[in-house]
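Here the structure comes first, spelled out in structure tokens, and everything after it is commentary.
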Amino acid sequence: MSTRGGSADLLVEGVGKRYGDVVALDHVSLQVAQGELLTILGPSGSGKTTLLKVIAGFEAPGGGTVKVGGVEITSLPPAKRDIGMVFQNYALFPHLSVAANVAFPLEMRNVAKPEIERRVAEALAMVELKSYEARLPRQLSGGQQQRVALARAIVFNPRLLLLDEPFGALDRKLRETMQLEVRRLQRRLGLTTIFITHDQEEALVLSDRIAVMNRGTIQQIATTTEIYERPVNDFVADFVGESNIFHGTMSAPGTVTLDGGRALEVRSDKPAGTKVGVLMRPERFAQSGANAFTGEVIESVYLGTSFKLRLACEGGLVLLVRQPARGALPAAGTRVTVGIEPESIHVF
């Protein structure tokens, strides 16, 4: 199977979709570079699967265009788009063998029999199912079925690969294994890929970039680091990772006064009087720091490598804090002091 198997960039411009009064997609635009893996992350009902269906051709948009490799495909039927797809439920033919399932897209394209056999063998070797050709889907585990679906999606060298929550039915350990396998395979083939998930950890592991969706719009599209460290609004900050989010006003350059009255030293050049949101990630707190908080432990959880503490602090602030697991887990009622440096606080 040739690397960079015909992979192309994707351009979605101003795509809209309504179901009656419900706006599923509200003028969505995004660009995915050739060979890039972009994850679309969002809660149920955010529009991510509808967007994938529009790209695949299963749904017609109410407006806007879809281009692959500079060619508009908005009105092409799915079979003519040269796009590989993997679904959560695998969508394998139960009565066909593994080899016949993988061969199906090649047969639909009238590929010669010897070439089909060669490509099927190659695709199954890639997903480590070389000796499973004769088995039926029901004779396979969930992870093996998912590998067959993946082999079928890549066997015809698609220009684009779409993955719709493909690991949703797998247990955690297998899910993590499959994430890394898909990432390795995608890089090896140089396949332009869109991955749909509501699992933010999965998105951070897999992606070159993440597009966070909510209510039919893209809230932010950025690298994994930027999405986590510098979210643009409350929704992204809250949806990706654990967070402490507060609101306040820039009272002076480098100082935010929270709505409860607490002043924080921050790194921000926003002018005085600007209303801002403040994000403090739980793992950024240490034993000391320029901004100190003393509070009473109201909840404590042991997580192996760390303690997760919920602290009730002065001024009605409740903080979620993660600390390395050293010594005994602080009991409820214990008074704890933590600090956070100005550069560890994100102002948006």
Side-chain angles (χ1 to χ4, degrees), residues 30 38-39 41-42 200-201 203-214 217-299 303 305-326 330 335-348:
L30 63 87
L38 176 88
T39 294
L41 176 67
Q200 34 105 1
E201 204 172 291
L204 291 168
V205 166
L206 277 165
S207 319
D208 292 312
R209 288 187 305 149
I210 297 173
V212 180
M213 281 193 81
N214 189 35
T217 64
I218 292 177
Q219 303 285 307
Q220 184 174 4
I221 184 163
T223 63
T224 51
T225 311
E226 201 173 332
I227 286 277
Y228 188 80
E229 302 286 353
R230 295 181 292 281
V232 295
N233 59 28
D234 279 36
F235 179 82
V236 178
D238 193 37
F239 195 75
V240 181
E242 293 181 312
S243 49
N244 296 287
I245 301 170
F246 302 105
H247 298 96
T249 307
M250 295 298 298
S251 45
T255 305
V256 172
T257 300
L258 300 182
D259 291 345
R262 168 71 199 251
L264 291 178
E265 191 185 326
V266 297
R267 294 277 182 273
S268 174
D269 53 8
K270 291 184 181 357
T274 309
K275 295 279 186 194
V276 294
V278 168
L279 168 68
M280 295 183 276
R281 294 289 186 192
E283 68 277 10
R284 297 288 190 259
F285 289 91
Q287 309 296 158
S288 60
N291 298 290
F293 296 86
T294 299
E296 190 176 293
V297 176
I298 50 176
E299 190 180 20
L303 295 170
T305 56
S306 64
F307 298 146
K308 185 156 80 170
L309 309 176
R310 201 172 291 278
L311 305 179
C313 302
E314 64 278 3
L317 288 182
V318 176
L319 284 183
L320 188 62
V321 174
R322 271 188 188 248
Q323 293 186 322
R326 296 195 195 99
R335 287 190 73 71
V336 172
T337 298
V338 293
I340 187 167
E341 296 299 340
E343 54 272 20
S344 294
I345 299 174
H346 174 59
V347 179
F348 58 89

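As the structure is a prediction and not an experimental result, all values here were calculated from the model.
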Note, L309 side chain near P330 side chain (heavy atom, < 4.5 Å): yes

Least distance between heavy atoms, N291 atom then P342 atom: ND2-N, 4.0 Å

Distance (rounded to the nearest 0.5 Å) between I218 CD1 and I210 CD1: 12.5 Å

Check against side chain to side chain contact (heavy atoms under 4.5 Å, CB included), L311 and V297: CA-CA 5 Å; L311 305 179; V297 176; 3.7 Å; yes

Non-hydrogen atoms of L204 and Y228 that approach each other most closely: CD1-CD1, 4.4 Å

Separation between CD of E229 and OG1 of T224, rounded to the nearest 0.5 Å: 9.5 Å

Closest approach of E265 to I345 (non-hydrogen atoms, all atoms of both residues): O-CD1, 3.9 Å

Criterion side chain to side chain contact (heavy atoms under 4.5 Å, CB included) on V321 and V336, from CA distance to verdict: CA-CA 11 Å; V321 174; V336 172; over 6 Å; no

Test item: S207 side-chain N/O and A203 main-chain N/O as donor-acceptor pair under 3.5 Å: yes

Atom pair CG/CG of L258 and L317 - distance to nearest 0.5 Å: 6.0 Å

Heavy-atom side-chain proximity of L319 to F293 below 4.5 angstrom: yes

Polar side-chain atom of S243 near backbone of I245 as donor-acceptor pair, under 3.5 Å: no

Beyond-backbone contact of V266 with V276, side-chain heavy atoms, under 4.5 angstrom: no

F285 and N244, any side-chain heavy atoms less than 4.5 Å apart: yes

Which atom of Q220 lies closest to which atom of E226, heavy atoms considered: NE2-O, 4.2 Å

Distance in Å, R262 CZ paired with D259 CG, rounded so as to fall on 0.5 Å steps: 14.5 Å

Smallest separation among heavy atoms of S306 and R322, with atom names: OG-NH1, 3.3 Å

Separation between CD of Q323 and CG of L303, rounded to the nearest 0.5 Å: 12.0 Å

Exceeds 12 heavy-atom contacts within 6.0 angstrom, atom CD of E201: no

Sub-4.5 Å side-chain heavy-atom contact between D234 and H247: yes

P231 and its side-chain contact (heavy atoms from CB on, under 4.5 Å) partner, picked from V240, D238, V236: V236

Where L30 and I221 come nearest, the two heavy atoms and their spacing: CB-CD1, 4.2 Å

Check: T257/T249 side-chain N/O donor and acceptor closer than 3.5 Å: no

Rounded distance (nearest 0.5 Å) linking atom CZ of F348 with atom CG of L279: 6.0 Å

